[in-house]
Enquirer: 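One structure coming up, written as structure tokens, with questions to follow.
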Amino acid sequence: MVSPPPGAAAVAARAGLRVEPAPRPLMGSQGRSGPPGNGGPGEGEGGEARKLQEGRVARGKRRKGKGKGKARAGQGGRGSGAEGKPGPQTAKEAAGPGADAGARACPREEAEGGGSAEEGARGIVKGVEGSAGAGKEAQGREYGKKEEWRVRARRREGARPGRAQGRRGQAWADIAGTGVAMAAAAGEEEKEEAARESAARLAAGPALWRLPEELLLLICSYLDMRALGRLAQVCRWLRRFTSCDLLWRRIARASLNSGFTRLGTDLMTSVPVKERVKVSQNWRLGRCREGILLKWRCRQMPWMQLEDDSLYISQANFILAYQFRPDGASLNRRPLGVFAGHDEDVCHFVLANSHIVSAGGDGKIGVHKIHSTFTVKYSAHEQEVNCVDCKGGIIVSGSRDRTAKVWPLASGRLGQCLHTIQTEDRVWSIAISPLLSSFVTGTACCGHFSPLRIWDLNSGQLMTHLGSDFPPGAGVLDVMYESPFTLLSCGYDTYVRYWDLRTSVRKCVMEWEEPHDSTLYCLQTDGNHLLATGSSYYGVVRLWDRRQRACLHAFPLTSTPLSSPVYCLRLTTKHLYAALSYNLHVLDFQNP
């Protein structure tokens, strides 16, 4: 409860008004304070102010209540002056701040305590009018704030339906998108791999991997093996891309024993080129694992041949066929077939047209059908047959009796000699040209002529002899054609010689000397850069790079008590097989 200031009480006493404590205001239905008709001069204005503070009544009602409040304020003031009855509130309380302003406007009269009642009433009326002006100003500010709040509220309310509609539209869009995704689920699996590859390419380098694959192949073709290996470690897409055979073909042709010939022919199309290049590094570095496939109880001079996943090897007067296990470094112990017919040891044999053509120490030639029991044996020479070769349905044989003979392979003409050639020296090796027009013989070099001579296959006449500086006793123990115009030879003179008939027949193109002056019993080549030789002491197998003079690696397979020559060598891109007097060795370059 607020008590009236002393200035207002003096003015009211002079005017003849009775001042009482103001009762607690009662809220009417229309915002009026106190019972209607009994309020003082500011009753209607105070109710309007409280009505504006509530802020929940319509604008029209406020205007109507404002008019009524003003009317009641005027009536209340007149009633109070005529009847002289005080209202429930003092004049200053009803007037509010305006009453104080009116009292301050008449300080002189208040201080002197004089003046008439009319002057006091006029001061009170002036204070009421000032209070009304201040109330209207406050009402305007409050109304402006309320209107601003309503505008913002309307904007928010207007935005809500749009948001709701947007959410509903998004929901329908999600449903529709889900339906489309379910409909296209089958095609997504096919596109997923392409998307992953594209993402990998972008991740690898946007500037380079957006190029066409043909251009990328051209760029990568200038990289070496180490750079391609590093590039394959970037991402999965590059790993698959750099595994392309086209990128590794150039590197493989320059590698050792990668399955490519000197002319670029791929001999192993079923094996990825990149895998072959990896194994070729083991050949170059000499990394391998040694093992023994077969053992014999007595000393022998074995010979062997490879065909697909089978190994054919001679033991005494038999030829046994074994099957390789999947690793290629071991054999099934039980042989697939046994081919017999010779009375003495088998000196040499070859595989041709599903036949095994063998030469024996008994001077006979045996023809065996691989997949049947068909075997034909006929006398060919007076002494042991040291060597034999068969191509294009023609058999040539060389013997210790200083002759070489030509035989047909046709079943109806077996045993009919076509040509007998007097070599005037013991024949240790023989080979037919790939053109089937001639054959070469390697003799013991005990006469005054070259141990290497070429004969016409159709007429049996001498065509030419190779070399002119062989020392006496430099017999040729192994000879082989690499192409129609090139051949390799080795023997007692401890040299491997490479001949090219297109350049010169008097001098070899290239030669490699055995470092320990050991006799070279056999040789084998991959048709490109690798050359393998077997020496007469301690079973030493040597690997040569034909682009170099020096030996790459040497593998002694026997020790001093069991010293043995290497009688035969065969190799694949992963393994090398060496036949010695007591056992058969394997060098595994795939799993060193």
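Along the sequence shown, the residues carry numbers beginning at 1.
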Enquirer: Does E382 have more than 12 heavy atoms from other residues, nucleotides or ligands lying within 6.0 Å of its CD?
Expert: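 It does not: E382 CD has 12 such atoms or fewer within range.
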
Enquirer: Please report the interatomic distance CD(Q422) to CG(D401), rounded to the nearest 0.5 Å.
Expert: 8.0 Å

Enquirer: Give a yes or no on whether the backbone of V427 and the side-chain of N386 come within a donor-acceptor separation of less than 3.5 Å.
Expert: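 Side chain of N386 to backbone of V427: a pair is present.
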
Enquirer: Is it true that, when you exclude R226 itself, more than 12 heavy atoms of the residues, nucleotides or ligands shown sit nearer than 6.0 Å to its CZ?
Expert: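 It does not: R226 CZ has 12 such atoms or fewer within range.
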
Enquirer: Roughly how far, to the nearest 0.5 Å, is OG1 of T533 from CG of L488?
Expert: 11.0 Å

Enquirer: Under the 3.5 angstrom rule, does the side chain of N257 hit a backbone N or O of D526 as a donor-acceptor pair?
Expert: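 No, because the side chain of N257 does not come within donor-acceptor range (under 3.5 Å) of the backbone of D526.
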
Enquirer: For the pair I313 and I319, evaluate side-chain contact (heavy atoms from CB on, under 4.5 Å) and give the outcome as yes or no after the intermediate values.
Expert: CA-CA 6 Å; I313 188 167; I319 299 175; over 6 Å; no

Enquirer: State the OG1-CG distance between T558 and N583, to the nearest 0.5 angstrom.
Expert: 8.5 Å

Enquirer: Assess the side chains of D456 and S459: does a donor N or O sit below 3.5 Å from an acceptor N or O?
Expert: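 Note: D456 and S459 side chains meet the donor-acceptor criterion.
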
Enquirer: So does D545 pair up with R547, basic N to acidic O under 4.0 Å?
Expert: yes

Enquirer: Side chains of M268 and T573: does their closest heavy-atom pair fall under 4.5 Å?
Expert: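 SC-SC contact between M268 and T573 confirmed.
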
Enquirer: Is there a side-chain contact between L557 and L580 in this structure, where contact means two heavy atoms from C-beta onward sitting under 4.5 Å apart?
Expert: yes

Enquirer: Got a sec: does the CZ of R334 have more than 12 other heavy atoms crowding it under 6.0 Å?
Expert: no

Enquirer: Which atoms form the tightest heavy-atom contact between A532 and L543, and what is the distance?
Expert: CB-CD2, 4.0 Å

Enquirer: Show your working on side chain to side chain donor-acceptor pair (under 3.5 Å) between H381 and T403 and close with a plain yes or no.
Expert: CA-CA 8 Å; H381 295 271; T403 61; 3.1 Å; yes

Enquirer: Taking atom CZ of F260 and atom OG of S255, what is their separation to the nearest 0.5 Å?
Expert: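 Here the rounded value is 9.5 Å.
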
Enquirer: Do the side-chain N and O atoms of R284 and Q281 include a donor-acceptor pair separated by under 3.5 angstrom?
Expert: yes

Enquirer: Is there a donor-acceptor pair under 3.5 Å between the side chain of R262 and the backbone N or O of N528?
Expert: yes

Enquirer: Compare all side-chain heavy atoms of I370 with those of E307 and state whether any distance is below 4.5 angstrom.
Expert: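 Of all side-chain heavy-atom pairs linking E307 with I370, at least one is under 4.5 Å.
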
Enquirer: Does any N or O in the side chain of S450 come within less than 3.5 Å of the main-chain N or O of S468, such that one atom is a donor and the other an acceptor?
Expert: no

Enquirer: Heavy atoms, side chains only, cut-off 4.5 Å: are Y582 and R299 in contact?
Expert: yes

Enquirer: With the side chain counted from C-beta on, respond yes when F439 and I430 share a heavy-atom pair under 4.5 Å apart, and no when they do not.
Expert: yes

Enquirer: Is a donor on one side and an acceptor on the other found under 3.5 Å between the side chain of D389 and the backbone of V350?
Expert: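 Side chain of D389 to backbone of V350, a donor-acceptor pair under 3.5 Å: no, none is there.
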
Enquirer: State, yes or no, whether a side-chain contact exists between S581 and P565 at a heavy-atom distance under 4.5 Å.
Expert: yes

Enquirer: When the ring planes of F555 and F589 are compared, do they come out parallel, tilted or perpendicular, using 30° and 60° as the limits?
Expert: perpendicular

Enquirer: Does S429 reach the main-chain N or O of V476 with its side chain, forming a donor-acceptor pair under 3.5 Å?
Expert: yes

Enquirer: State whether the side chain of D500 and the backbone N or O of R502 hold a donor-acceptor pair below 3.5 Å, judged by distance alone.
Expert: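 Yes, the answer is positive, given that a donor and an acceptor are paired below the 3.5 Å cut-off.
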
Enquirer: Would you sort out whether I454 and L501 count as a side-chain contact (heavy atoms from CB on, under 4.5 Å), showing the intermediate values?
Expert: CA-CA 11 Å; I454 298 177; L501 305 180; 4.0 Å; yes

Enquirer: Taking L584's backbone N and O only, do any of them form a donor-acceptor pair with W296's side chain (distance below 3.5 Å, no angle check)?
Expert: no

Enquirer: Over all heavy atoms of both residues, which pair between Q416 and P408 is shortest? Give the atoms and the distance, please.
Expert: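 Looking at all heavy atoms of both residues, the shortest contact is O-CD, 2.8 Å.
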
Enquirer: If you count heavy atoms of other groups shown closer than 6.0 angstrom to OH of Y537, is the number above 12?
Expert: no

Enquirer: Step through the shown structure and confirm whether more than 12 heavy atoms of other residues, nucleotides or ligands are within 6.0 Å of CZ on R239.
Expert: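 Open: at most 12 neighbouring heavy atoms sit under 6.0 Å from CZ of R239.
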
Enquirer: State, with a plain yes or no, whether a side-chain heavy atom of V396 is found less than 4.5 Å away from one of L457.
Expert: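 A side-chain contact under 4.5 Å exists here.
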
Enquirer: One pair to check against side-chain contact (heavy atoms from CB on, under 4.5 Å): R230 and M225. What are the steps and the verdict?
Expert: CA-CA 9 Å; R230 293 289 180 86; M225 178 178 57; over 6 Å; no

Enquirer: Could you tell me if the side chain of Q323 sits less than 4.5 Å from the side chain of D308, heavy atoms only?
Expert: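 When only atoms from C-beta onward are counted, Q323 and D308 do not touch, as no gap falls below 4.5 Å.
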
Enquirer: What is the ring orientation for F374 with H355, classed by angle as parallel under 30°, tilted 30 to 60°, or perpendicular over 60°?
Expert: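 Plane angle over 60°, so perpendicular.
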
Enquirer: For C446, is there any backbone N or O sitting under 3.5 Å from a side-chain donor or acceptor partner on D425?
Expert: yes

Enquirer: What pair of heavy atoms forms the shortest contact from L217 to C244, and how long is it?
Expert: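 Taking every non-hydrogen atom into account, CD2-SG, 4.4 Å.
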
Enquirer: For a quick test of reading the model, state the closest non-hydrogen atom pair linking G534 to V566 and the distance between them.
Expert: CA-CB, 3.7 Å

Enquirer: Is it true that S518 and S535 share a donor-acceptor pair across their side chains at a distance under 3.5 Å?
Expert: no

Enquirer: Quick one: does H419's side chain have a donor or acceptor within less than 3.5 Å of a partner on N458's backbone?
Expert: yes

Enquirer: Salt bridge or not between D343 and K364? Use side-chain N to carboxylate O under 4.0 Å.
Expert: yes

Enquirer: Does R276 form a salt bridge (Lys or Arg N to Asp or Glu O under 4.0 Å) with D266? I'd like the steps, not just the answer.
Expert: CA-CA 11 Å; R276 285 183 271 168; D266 192 354; 2.8 Å; yes

Enquirer: In terms of ring plane angle, is the pair Y498 and W512 parallel, tilted or perpendicular, where the classes change at 30° and 60°?
Expert: tilted

Enquirer: For a quick test of reading the model, state the closest non-hydrogen atom pair linking L247 to S221 and the distance between them.
Expert: CD2-N, 3.9 Å

Enquirer: From S358 OG over to Y312 OH, what is the distance, rounded to the nearest 0.5 angstrom?
Expert: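 Reported to 0.5 Å precision, the distance equals 13.5 Å.
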
Enquirer: Kindly determine whether L477 and L520 satisfy side-chain contact (heavy atoms from CB on, under 4.5 Å), including the steps that lead there.
Expert: CA-CA 8 Å; L477 295 179; L520 298 178; over 6 Å; no

Enquirer: Please identify which of these residues, R287, R289, K574, meets the side-chain contact (heavy atoms from CB on, under 4.5 Å) condition with N282.
Expert: R287

Enquirer: Identify whether the distance between the nearest side-chain nitrogen and carboxylate oxygen of E424 and R453 falls below 4.0 Å.
Expert: no

Enquirer: From M304 CE over to C568 SG, what is the distance, rounded to the nearest 0.5 angstrom?
Expert: 4.5 Å

